A.B. asks: 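Structure incoming, see below.
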Amino acid sequence: MITTRPAEPQDAEAIARIYSLGIAERTATFDTEPRTAADILPKIDASARFPQLVAVDAGGTVLGWVGTSAYRARDCYRGIGEFSIYLDPAARGQGIGKLLLTALVDAARAAGFWKLLSRIFTFNHASLAVCHACGFRDVGAYEKHGKLDGRWLDVVIVERLIPENLT
Ligand SMILES: CC(C)(COP(=O)(O)OP(=O)(O)OC[C@H]1O[C@@H](n2cnc3c(N)ncnc32)[C@H](O)[C@@H]1OP(=O)(O)O)[C@@H](O)C(=O)NCCC(=O)NCCS
C-alpha cells in the first residue's frame, strides 16, 4: 500500500535522488543542476510553514515528493504556495502523483494557505493532468519564460484556491 506523510530529515537523500532524476529528464524544470541531500534539508526544516510530503511504499521506500515554497516575499502573498512534485520514474502512472498532490492540498489548508500554484511546461502532459485531476485550473501561459538547454520554453500557470482559508 502507498501512503503519504510529512517529509523527515532522513528522506532528504531519497528526495534529492528523485528530484535529480526529474531534472536530468529536462521535461519538468528549468533547473539543470542535480540536488543533494544538503539542498533538501532546509526545505524539510521549514516544512511547518511550507509543507513537504513524501509517498512511501509498505516497506518505507520513498517513491515521490511534493513540496511547497514561497510564491513571493511580499506579505500580501503569504497565503500562496508554489509547489513542485516529482516521482521516481518507476512509480509514475499509478495514481501516486494524484495521491500526493491531494495530500498536499490538505496540508496546505492546514498550514493556512489560500492558494497553491505552479508553472508547468506546456508539453508536460502528465503534470498538467495530475493538476487538473486535483482541482487546479489553467490560468494562462507565459511565452518563452526561460531557456532550457538553449531552447525557449512556454509554461502554463495552474492554480487551485483553498476556499476554507479565503476568510
Ligand atoms: C507529473 C507526475 C508527478 C504525475 O504523477 P503520476 O503518479 O504519474 O500521475 P497519476 O498516475 O497520479 O495520474 C493522475 C492523472 O493524470 C493522468 N496522467 C498521468 N500521466 C499522464 C500522461 N503522461 N499523459 C496524460 N495524462 C496522464 C492520469 O490518467 C490521471 O488522470 P485521472 O485522475 O483523471 O485518471 C509524474 O509523472 C512525475 O513525477 N513526472 C516527472 C516530474 C514532473 O514532471 N513534475 C512536475 C513538475 S512540477
Side-chain angles (χ1 to χ4, degrees), residues 1-7 11-36 39-40 43-44 46-47 50-72 80-108 111 113 115-149 151-162:
M1 193 174 93
I2 311 296
T3 53
T4 65
R5 61 164 172 76
D11 301 321
E13 197 77 48
I15 293 172
R17 185 187 68 79
I18 291 168
Y19 192 10
S20 297
L21 286 172
I23 290 170
E25 286 174 318
R26 298 292 200 265
T27 54
T29 172
F30 284 111
D31 287 339
T32 55
E33 291 300 314
R35 294 299 197 274
T36 65
D39 297 322
I40 303 299
K43 292 178 185 292
I44 297 175
S47 58
F50 293 103
Q52 313 287 323
L53 305 177
V54 289
V56 295
D57 67 14
T61 301
V62 174
L63 303 176
W65 156 77
V66 65
T68 49
S69 57
Y71 165 64
R72 294 277 193 277
I80 304 177
E82 285 216 57
F83 77 92
S84 299
I85 182 166
Y86 287 83
L87 262 59
D88 187 297
R92 296 178 194 165
Q94 304 164 41
I96 301 170
K98 191 171 170 181
L99 184 77
L100 256 181
L101 191 52
T102 302
L104 183 74
V105 172
D106 291 341
F113 287 93
K115 179 186 288 194
L116 287 174
L117 59 76
S118 193
R119 288 181 293 257
I120 299 173
F121 292 144
T122 46
F123 52 80
N124 192 342
H125 302 296
S127 187
L128 288 167
V130 78
C131 288
H132 298 156
C134 292
F136 285 75
R137 74 178 184 100
D138 296 347
V139 177
Y142 285 124
E143 291 183 5
K144 299 181 176 26
H145 208 49
K147 269 186 177 175
L148 181 59
D149 297 332
R151 208 159 54 103
W152 287 108
L153 295 181
D154 301 347
V155 294
V156 178
I157 310 154
V158 295
E159 72 169 8
R160 187 197 193 284
L161 290 172
I162 301 175

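When a residue number appears, it is its place in the shown sequence, counting from 1. Counting starts at 1 for both ligands and their atoms, in listed order. Side chains included, hydrogens not; waters and symmetry mates left out as well; all remaining heavy atoms used. The structure displayed is predicted, hence computed values, not measured ones.
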A.B. asks: Between Arg92 and Asp88, is there a salt bridge with N-O shorter than 4.0 Å?
C.D. replies: no

A.B. asks: Do Phe83 and Phe136 have ring centres separated by under 6.0 Å?
C.D. replies: yes

A.B. asks: Would you say Glu13 has more than 12 foreign heavy atoms packed within less than 6.0 Å of its CD?
C.D. replies: no

A.B. asks: In a simple table, one pair per line, please give the protein and ligand 1 atom names for every N or O pair closer than 3.5 Å, along with the distance.
C.D. replies:
unit_1: ligand 1; atom_1: 7 (O); unit_2: Gly97; atom_2: N; d: 2.8
unit_1: ligand 1; atom_1: 8 (O); unit_2: Gly93; atom_2: N; d: 2.8
unit_1: ligand 1; atom_1: 11 (O); unit_2: Gln94; atom_2: N; d: 3.2
unit_1: ligand 1; atom_1: 11 (O); unit_2: Gly95; atom_2: N; d: 2.7
unit_1: ligand 1; atom_1: 12 (O); unit_2: Gly97; atom_2: N; d: 3.3
unit_1: ligand 1; atom_1: 12 (O); unit_2: Lys98; atom_2: N; d: 2.9
unit_1: ligand 1; atom_1: 33 (O); unit_2: Lys98; atom_2: NZ; d: 2.9
unit_1: ligand 1; atom_1: 39 (O); unit_2: Leu87; atom_2: N; d: 2.8
unit_1: ligand 1; atom_1: 39 (O); unit_2: Arg92; atom_2: NE; d: 3.4
unit_1: ligand 1; atom_1: 44 (O); unit_2: Asn124; atom_2: ND2; d: 2.7
unit_1: ligand 1; atom_1: 45 (N); unit_2: Ile85; atom_2: O; d: 2.7

A.B. asks: Side chains of Ile120 and Val158: closer than 4.5 Å at any heavy-atom pair?
C.D. replies: yes

A.B. asks: Quick one: ring pair (Phe, Tyr, Trp, His ring centres under 6.0 Å) partners of Tyr71, sequence neighbours excluded?
C.D. replies: Tyr77

A.B. asks: Any salt bridge linking Asp11 with Arg5? Criterion: basic side-chain nitrogen under 4.0 Å from a carboxylate oxygen.
C.D. replies: yes

